[in-house]
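Working notes, beginning with the structure itself.
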Number of protein chains: 2
Amino acid sequence: MRHIARQANIRELILDGVDALLARFGYRKMTMEDLARQVGIGKGTIYLHFPGKEELALAHVDRIAERLLRRLGEISAARRSPPERIRAMLVTRVLFRFDSVAHYSQNLNDLLSAVRKELLARRQGHFEKEAQEMAKVLDEGREMGIFSGADSLLTARLLIWSTNSMLPFNLTARELGKRGELEERVSRLADLLLQGLLQRPRDKKLK
Amino acid sequence: MRHIARQANIRELILDGVDALLARFGYRKMTMEDLARQVGIGKGTIYLHFPGKEELALAHVDRIAERLLRRLGEISAARRSPPERIRAMLVTRVLFRFDSVAHYSQNLNDLLSAVRKELLARRQGHFEKEAQEMAKVLDEGREMGIFSGADSLLTARLLIWSTNSMLPFNLTARELGKRGELEERVSRLADLLLQGLLQRPRDKKLK
DNA sequence: AAAATGACTAGAATACAATTTTGGTCAGGA
DNA sequence: TCCTGACCAAAATTGTATTCTAGTCATTTT
C-alpha cells in the first residue's frame, strides 16, 4: 500500500540533496534533474518518494522541525531542573534553526516564497508542537512548586512567540548577527522569562 | 538653505498619499505621477521635499516609527508605575504598528522589498530608539527599587526582541490574527516579562 | 514482481526586441 | 520664491519565439 520508503533512507538522501541545492540555487532554480543527479538517482525515483517539487521544499523544513523537536524531547526528558530545561530548550530552538540554515544566503521566507502559504501553515504546526513539549516541562515545574500556576500551554506559546524574532525567517543567519551574539541574546531573554515564570514567595502587586 | 519644508505640512500630505498608494498599488506600481495627482500637486514639487521614490517609502516607515515613539514618550512620561508603563509601551508598540498597516494587503517586508536593505537599517534605528525610551522607565523603576538591577538598555533591547515577532513585518496584519487576540497575546507576554523584571525579596537560585 | 529509470510532453520560464512607462530634471510660469 | 509639467534616458512592460522543466509512464533493471 505504502508508496513511500522503498529503500532504507533514500528519502533522507533526497532531502540532503534538497538542502544542498536550495543553498546553491534557491527554490526556483533547483530543478528536479539537478536534484536527481545530485542524489545519484533517476528523476522518476524522486516521485516515488515525494508527490512533487513543492512538497520537497516543505518536507525539508519539516525535517528541520522534526530534528529540532527530537532535540527538545531529549532536553525535556533530561534530569535537570525545569528552569534549566526551559532555558536550554529556548536556546536550542533558536540556535538549532540558525545552524540549519547558516549555509543559505537568503532568509527562509524569501527562499521559499513560492510556497509561502503552505509554509506558514506548517510553521504553525511546528510551533505548536514545540509549545506542547515545553508545556510538559512547565507542568512538571508547576507540580514541583517551582513555576507559578498559569495555563502551561498558553505560557509555552508565549515563550515561542517571544523567541520567534530570532529565527532566520525574514533575516538571514548572517543578518541575525554572529552566532555567539545570538546565543547571548536568547540566553538573556530566557533568563528574563524564567524569572517571570518562577513562583515567588509573596507576590508583589503591579500597583 | 533648507530645501525642505516649504509649505506648512505639504510633506505630511505627501506621506499621506504614499500611505494610500502603497496600500492600493504597492511600492512598484505606485508612480510619482499617481502620487502627485493623489496629493493634488505637481510631480516636481515632490522632489522639493524628497530626494526620490525610495526615500518616500522609507520616510513613510520613519514617520510611523516617529509617531510610535511620540506615543511611547507620552506613556514614558505619564504618572503611572514603571511596570504599568512598560506594559503599556509593549502593548502600544505592537498595536500601533498593527493599526498603521492594517489596511495593507501585503506584509511590510514584501511591500518594500525593493528597498529591503535600507529598510532593515532604519528599523534597527527605530528599535534602538524604542529601547532607549523603555530603558528610561526601567531606570526609574530600578531607582524606586521595583525592578532588579540589570543593565537597563540591554534589558530594554530584550523587551524589543521579544515582541518583534508580533510586528507586521513578515506577516500581514490579517495573518497576525484578530486585533483583540494580538492584544491579548502581547499583554500576557508583557505580564510575564514584567514578572521577570520585578525585584524579588529573596532571589531563588535556578539550581 | 517490484523498483528504478529517463524519454517525452504540455505548460512554464526565459530571451530578446519593440514599445510603453516612469523616475528624475529643469526651463519657464505663477 | 515656489511650483509646475514637458522632456529624456533608463527602466519596465509587452509580444513572440524559443528553451526549459515538472511531472508522467512505457520500458528496463533488479
Side-chain angles (χ1 to χ4, degrees), chain A residues 1-22 24-60 106 110-119, chain B residues 1-22 24-60 106 110-119:
Chain A
M1 281 312 92
R2 317 195 32 207
H3 62 105
I4 57 171
R6 315 259 160 167
Q7 208 195 88
N9 48 5
I10 237 308
R11 190 190 147 93
E12 290 298 301
L13 292 178
I14 292 172
L15 290 180
D16 289 345
V18 170
D19 183 52
L21 294 192
L22 281 182
R24 201 176 324 149
F25 300 125
Y27 178 78
R28 296 183 109 165
K29 291 190 174 178
M30 168 184 89
T31 76
M32 298 300 273
E33 272 181 349
D34 282 345
L35 180 57
R37 193 171 336 111
Q38 166 83 21
V39 182
I41 59 179
K43 185 153 71 103
T45 307
I46 297 173
Y47 288 90
L48 299 177
H49 297 269
F50 297 93
K53 189 180 173 181
E54 291 201 358
E55 184 56 31
L56 275 172
L58 294 167
H60 171 56
Q106 263 180 112
D110 289 347
L111 188 70
L112 301 180
S113 60
V115 293
R116 179 175 195 272
K117 199 175 164 172
E118 179 64 15
L119 178 68
Chain B
M1 283 307 92
R2 321 197 28 209
H3 61 105
I4 57 171
R6 313 257 162 168
Q7 207 194 88
N9 48 4
I10 223 347
R11 190 190 147 94
E12 290 298 301
L13 291 178
I14 292 172
L15 290 180
D16 289 345
V18 171
D19 183 52
L21 295 191
L22 281 181
R24 201 175 323 149
F25 301 124
Y27 178 79
R28 295 181 111 168
K29 291 191 175 179
M30 168 183 88
T31 77
M32 298 302 272
E33 273 181 350
D34 282 345
L35 180 57
R37 194 172 335 112
Q38 166 85 21
V39 182
I41 58 179
K43 185 155 71 106
T45 307
I46 297 173
Y47 288 90
L48 299 176
H49 297 270
F50 297 93
K53 188 180 174 181
E54 291 202 357
E55 184 56 31
L56 276 172
L58 295 167
H60 171 55
Q106 263 181 110
D110 289 347
L111 188 70
L112 301 179
S113 60
V115 293
R116 179 176 195 271
K117 198 177 164 172
E118 180 63 15
L119 178 67

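All chains are named by letter (A, B, ...) in the order of the sequence lines, taking the proteins before the strands, and each is independently numbered beginning at 1.
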Nearest-Å distance for atom pair CD1/C1', residues A/I14 and C/dA4:
11 Å

Given C/dT5, D/dT24, C/dG23, the nucleotide with the shortest approach to the side chain of A/Y47:
D/dT24

I'd like to check A/L35 versus A/L56 (side-chain heavy atoms, cut-off strictly below 4.5 Å). Are they in contact?
yes

Working to the nearest 0.5 Å, report the span between CZ of B/R11 and CG of B/L48.
13.0 Å

Contact nearer the 5' end of DNA chain C, comparing A/G44 with A/K29:
A/G44

Just to confirm, is there a sub-4.0 Å distance from OP1 or OP2 of C/dT22 to any side-chain nitrogen or oxygen of B/T31?
no

Can you measure A/L35 atom CG to C/dT5 atom C1' for me and round it to whole angstrom units?
15 Å

Would you kindly give the CD-to-P distance between B/E33 and D/dA12, to the nearest whole Å?
16 Å

How many whole angstroms separate atom NZ of A/K43 from atom P of C/dA7?
10 Å

Measure from CG on B/D34 to P on C/dT22 and round the result to the nearest Å.
7 Å

Using whole Å, report how far CE of A/M32 lies from P of C/dA13.
15 Å

Does D/dA22 have OP1 or OP2 under 4.0 Å away from a side-chain N or O of A/K53?
yes

How long is the line joining CG of A/L48 and C1' of D/dC25, in whole Å?
11 Å

Output the single nucleotide from D/dC3, C/dA4, C/dG6 whose closest atom is nearest the side chain of A/T45.
C/dA4

Axis-to-axis angle across the helix from C/dA1-D/dT30 to C/dA30-D/dT1, five pairs each end, nearest 10 degrees, ~ 40°

B/K29 side chain vs B/R24 backbone, donor-acceptor pair below 3.5 Å:
no

Pick the closest DNA chain C nucleotide for A/I46 and for B/E54 by heavy atoms, then say which residue is nearer the 5' end.
A/I46

